[in-house]
Amino acid sequence: MASVEKYFAAAITPEQIDIKYIIFEKNNKIADVEQFFQVCRRLGAKITQLSFNFWEVNAGTVSEHSIAAAAYFMHRAQELALDCELFFVDAPLRTRIDAARHKFFA
């Protein structure tokens, strides 16, 4: 987090900084995602990016826990009025995320 704080300190405005969260098996718990958003709020971030671990995507092993975490990420970003950009999230993954959002947060 020190490096993220350094970027924010150097920025003229928080809108200049995009903060990316890469979801993988070791950080796909809701509490992990929520901690990320607490940092975003503390630093005044306005733009977030969501991605999955590239190795898991290529191997086709993105788990349902990671999909649920991504659904929560998008839901929470919307609640906090933060922009949420999907980074290298293909259509099949997006479909899975949208289904999880509908199931858990509709």
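Heavy atoms only: backbone and side chains are in, while hydrogens, waters and symmetry mates are out.
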inquiry  = I need the S63 OG to E25 CD distance, nearest 0.5 Å.
reply    = 3.5 Å
message = Counting C-beta onward and ignoring hydrogens, is there a side-chain heavy-atom pair between R101 and Q78 closer than 4.5 Å?
response = yes
task = Look at atom CZ of F54 and say whether more than 12 heavy atoms of other residues, nucleotides or ligands are closer to it than 6.0 Å.
result = no
query = S51 and V89: which non-hydrogen atoms are nearest, and at how many Å?
reply = CA-CG2, 4.5 Å
Single-linkage hydrophobic cluster L93~F105, side-chain heavy atoms < 4.5 angstrom = yes
inquiry  = If I take atom CZ from residue F104 and atom CD1 from residue I30, how far apart are they, to the nearest 0.5 angstrom?
reply    = 8.5 Å
key: Donor-acceptor under 3.5 Å (S66 side chain, V62 main chain)   = no
ask   = Of N27, I23, I19, which is the lone residue that meets side-chain contact (heavy atoms from CB on, under 4.5 Å) with F36?
value = I19
ask   = Of the options E34, R42, Q35, which is the one that meets Q38 in a side-chain contact (heavy atoms from CB on, under 4.5 Å)?
value = E34
message = Once rounded to the nearest 0.5 Å, what's the spacing between atom CD1 of I97 and atom NE2 of H75?
response = 15.0 Å
inquiry  = Using 0.5 Å steps for rounding, measure from the CD1 atom of I22 to the NZ atom of K20.
reply    = 5.0 Å
key: Salt bridge D98-R94, side-chain N to carboxylate O under 4.0 Å   = yes
query = How many angstroms lie between CG in L86 and CZ in F52, if you round to the nearest 0.5 Å?
reply = 8.5 Å
From CA spacing to verdict: side-chain contact (heavy atoms from CB on, under 4.5 Å), V33, R76 = CA-CA 9 Å; V33 176; R76 189 69 170 125; 5.6 Å; no
ask   = Taking it one step at a time, do K26 and D32 satisfy side-chain contact (heavy atoms from CB on, under 4.5 Å)?
value = CA-CA 9 Å; K26 293 184 181 180; D32 297 328; over 6 Å; no
task = Rounded to the nearest 0.5 Å, what's the gap from OG1 on T48 to CD on E85? Could you check?
result = 7.5 Å
ask   = If two hydrophobic side chains count as joined below 4.5 Å and joins carry through other members, does F24 share a cluster with V57?
value = no
request  = Could you walk me through whether K29 and H65 pass side-chain contact (heavy atoms from CB on, under 4.5 Å), step by step?
outcome  = CA-CA 7 Å; K29 294 175 184 51; H65 288 289; over 6 Å; no
key: Close aromatic pair by centroid cut-off 6.0 Å: F73 and F37   = yes
L50 side chain near M74 side chain, heavy-atom distance below 4.5 Å = yes
